[in-house]
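Atoms within a ligand are numbered from 1 in the order they appear, just like the ligands themselves.
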Amino acid sequence: MPIAKGYAATDASSPLTPFTFERRAPNDDDVVISIKYSGICHSDIHQARNEWGNSIYPMVPGHEIAGVVTEVGAKVTKFKVGDHVGVGCFVDSCTQCATRDLDNEQYMPGLIGTYNAYEADGTTPTYGGYSDSIVVKEGYVLSIPENLPLDAAAPLLCAGITLYSPLKHWNAGPGKKVAIVGMGGLGHMGVKLGAAMGADITVLSQSLSKKEDGLKLGAKTYYATSDAETFKTLAGSFDLILCTVSADIDWNAYLSLLKVDGAMVLLGVPEKPVPVHAFSLIGGRRTLAGSMIGSIKETQDMLDFCGRHDIVSEIETISMDQVNEAYERVLKSDVRYRFVIDMATM
Ligand code: NAP
Ligand code: ZN
């Protein structure tokens, strides 16, 4: 069994600490990856701290993985040693069930998360990207275009696809007015991707402190949600609102910013249920929806799109031992715009 070095959460309240563990011996259809960079997603913090109530410890978080192939199984056809590859939020999915849908496998019940889950045997825990290597089935490995730097490409594997998928699904493009709520790790990718698709992008942030960046990344306009005037000025403006916030915000106020037939799509995960008034929806035949990451096929489409448009994440690179400090800074919205761990510092 290959030995991996990583950082793990051992319970919901302790800092992450060094952790050595076994990866499974590679099968014929597996790709062995030397992890070079791993992004820090807010979901890592939710799960390390058991905020969703389903945490398995010890937990090695990390589902924004970018690295280089070091070994391939005999039946692997898509990858060779030296290829730049990525791994996102899941490493296997149901191959049996009747509802299996390869274009939407992220919604299938048999999905196996990159970490905080069990392999298909039901007993071996999966460990994520805050580690120096990983063994993944070929079908769940993504190809990272050679023109994209691996460090800044890592966040595409979750933040990128999480915004790309709803932008595509709700037809963002020329003539569509799209608001991105929250200019964080997910949000800034929404600005870049939506602008590259030709949509008219507005950022709705708590303050104007990141306005200059937002406009530089492709937003046409930028408003502070702490200013009550914003909600008056923008009433009935948007075809689509993508909400990346995980705090309790007033969804009714945001729904009022939609045009007739507009949709607000939840991406962030607030801890508690949020009340929505029926009039917020029926008053404009509006939709309140949700969206979770994207399929493998769609993730590859997104990476190819980013390759063609030279899109990567805005990152702050940190060493592995800075991870706990980085978590605290994410919680204070003090990151521009994604922390990426340099695994050479492990
Ligand atoms: P992040 O970098 O922390 O960004 C969240 C942004 O929300 C912050 O930058 C901030 O933007 C805004 N915000 C924070 N606190 C707020 C408050 N009290 N009121 C209003 N706005 C606030 O996090 P992330 O990595 O982008 O993840 C965001 C959420 O999406 C998390 O809940 C994560 O678990 C979830 N997520 C979902 C999926 C999915 O598939 N649906 C995938 C990945 C992550 P401003 O400073 O601009 O206001
Ligand atoms: Zn994520």
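With values rounded to the nearest 0.5 angstrom, Ile293 atom CD1 is found 8.0 Å from His63 atom NE2. How far CG of Asn252 is from CG of Leu281: 8.0 Å, rounded to the nearest 0.5 Å. Taken from SG in Cys158 to CZ in Arg338, the straight-line distance is 6.0 Å, to the nearest 0.5 Å.
Near Val245, the atoms of ligand 1 lying under 4.0 angstrom from a non-hydrogen atom of the residue are 7 (O), 12 (C), 20 (C), 21 (N), 22 (C). The distance from ligand 1 to the heavy atoms of Arg338 drops below 4.0 Å at these ligand atoms: 24 (P), 25 (O). Short contacts between ligand 1 and Ile293, defined as distances under 4.0 Å to a heavy atom of the residue, involve ligand atoms 39 (C), 40 (O). Near Ser205, meaning under 4.0 Å from any of its heavy atoms, are these atoms of ligand 1: 45 (P), 46 (O), 47 (O), 48 (O). Ligand 1 places these atoms under 4.0 Å from at least one heavy atom of Gly182: 11 (O), 47 (O). Counting the atoms of ligand 1 from 1 in the order shown, those under 4.0 Å from a heavy atom of Cys41 are 43 (C), 44 (C). Proximity to Cys158 (heavy-atom distance under 4.0 Å) selects the following atoms of ligand 1: 42 (C), 43 (C). Each of the atoms 19 (N), 20 (C) of ligand 1 lies under 4.0 Å from some heavy atom of Ile249.
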Between side-chain atoms of residues 185-202 and protein atoms elsewhere (two or more places apart, or another chain), which donor-acceptor pairs fall under 3.5 Å?
residue	atom	partner	partner atom	Å
His188	ND1	Gly184	O	3.1
His188	ND1	Gly185	O	2.9
His188	NE2	Ser313	OG	3.2
His188	NE2	Glu314	N	3.0
Lys192	NZ	Val312	O	2.7
Lys192	NZ	Glu314	OE2	2.5
Thr202	OG1	Thr221	OG1	2.7

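Here the side chain of Thr287 pairs no donor or acceptor atom with the backbone of Ala289 at under 3.5 angstrom. The backbone N or O of Met292 lies less than 3.5 Å from a partner atom in the side chain of Tyr107, making a donor-acceptor pair.
Under a cut-off of 6.0 angstrom, the local environment of OH in Tyr118 is sparse, with at most 12 non-hydrogen atoms contributed by other residues, nucleotides or ligands. Remark: Phe238 CZ is packed, more than 12 non-hydrogen atoms of other residues, nucleotides or ligands lying under 6.0 Å away.
A side-chain hydrogen bond (donor to acceptor under 3.5 Å, both in side chains) with Lys137 holds for exactly one of Asn27, Asp30, Asp92; it is Asp92. Partner Met264 forms a side-chain contact (heavy atoms from CB on, under 4.5 Å) with one of Val276, Leu242, Leu255 and no other, that one being Leu255.
Counting only N and O atoms by type, the side chains of Asp342 and Thr345 include no donor and acceptor under 3.5 Å apart. For Ser93 and Tyr140, the side-chain atoms include at least one donor-acceptor pair closer than 3.5 Å.
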Steps toward side chain to side chain contact (heavy atoms under 4.5 Å, CB included) verdict (Thr77, Glu138): CA-CA 8 Å; Thr77 58; Glu138 168 178 43; 3.6 Å; yes
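Taking atom 46 (O) of ligand 1 as the reference point, the nearest protein heavy-atom neighbour is Lys210 NZ, 2.8 Å. With hydrogens left out, the protein atom closest to atom 19 (N) of ligand 1 is Gln206 OE1, 3.4 Å, a heavy atom. Of all protein heavy atoms, the one lying nearest to atom 2 (O) of ligand 1 is Gly185 N, 2.9 Å. The closest protein non-hydrogen atom to atom 26 (O) of ligand 1 is Leu186 N, 2.8 Å. With respect to atom 39 (C) of ligand 1, the closest heavy atom belonging to the protein is Thr162 CG2, 3.4 Å. Closest to atom 44 (C) of ligand 1 among all protein heavy atoms lies Ser43 OG, 3.2 Å. Ranking the protein heavy atoms by distance from atom 24 (P) of ligand 1 puts His42 CB, 3.6 Å first. The protein atom (non-hydrogen) at minimum distance from atom 9 (O) of ligand 1 is Gly184 CA, 3.2 Å.
Residues meeting the salt bridge (Lys or Arg N to Asp or Glu O under 4.0 Å) test with Arg49, sequence neighbours left out: Glu328. For Asp227, there are no salt bridge (Lys or Arg N to Asp or Glu O under 4.0 Å) partners, not counting sequence neighbours.
With distances taken over non-hydrogen atoms, the option nearest atom 29 (C) of ligand 1 out of Leu208, Asp250, Thr244 is Thr244. Of the listed options Gly268, Ala159, Ser246, Ala247, Ala247 places a heavy atom closest to atom 18 (N) of ligand 1.
By the criterion of a separation under 2.8 Å, the protein N/O/S atoms near the Zn ion (ligand 2) amount to Cys41 SG, His63 NE2, Cys158 SG.
Taking only nitrogen or oxygen atoms, main chain and side chain alike, Val335 does not reach within less than 3.5 Å of ligand 1. For ligand 1, one of its N or O atoms has an N or O atom of Leu267 under 3.5 Å away. Residue-to-ligand polar distances keep Trp52 apart from ligand 1: every N/O pair is separated by 3.5 Å or more.
In summary, the aromatic rings of Phe19 and Tyr127 are positioned with their centroids under 6.0 Å apart.
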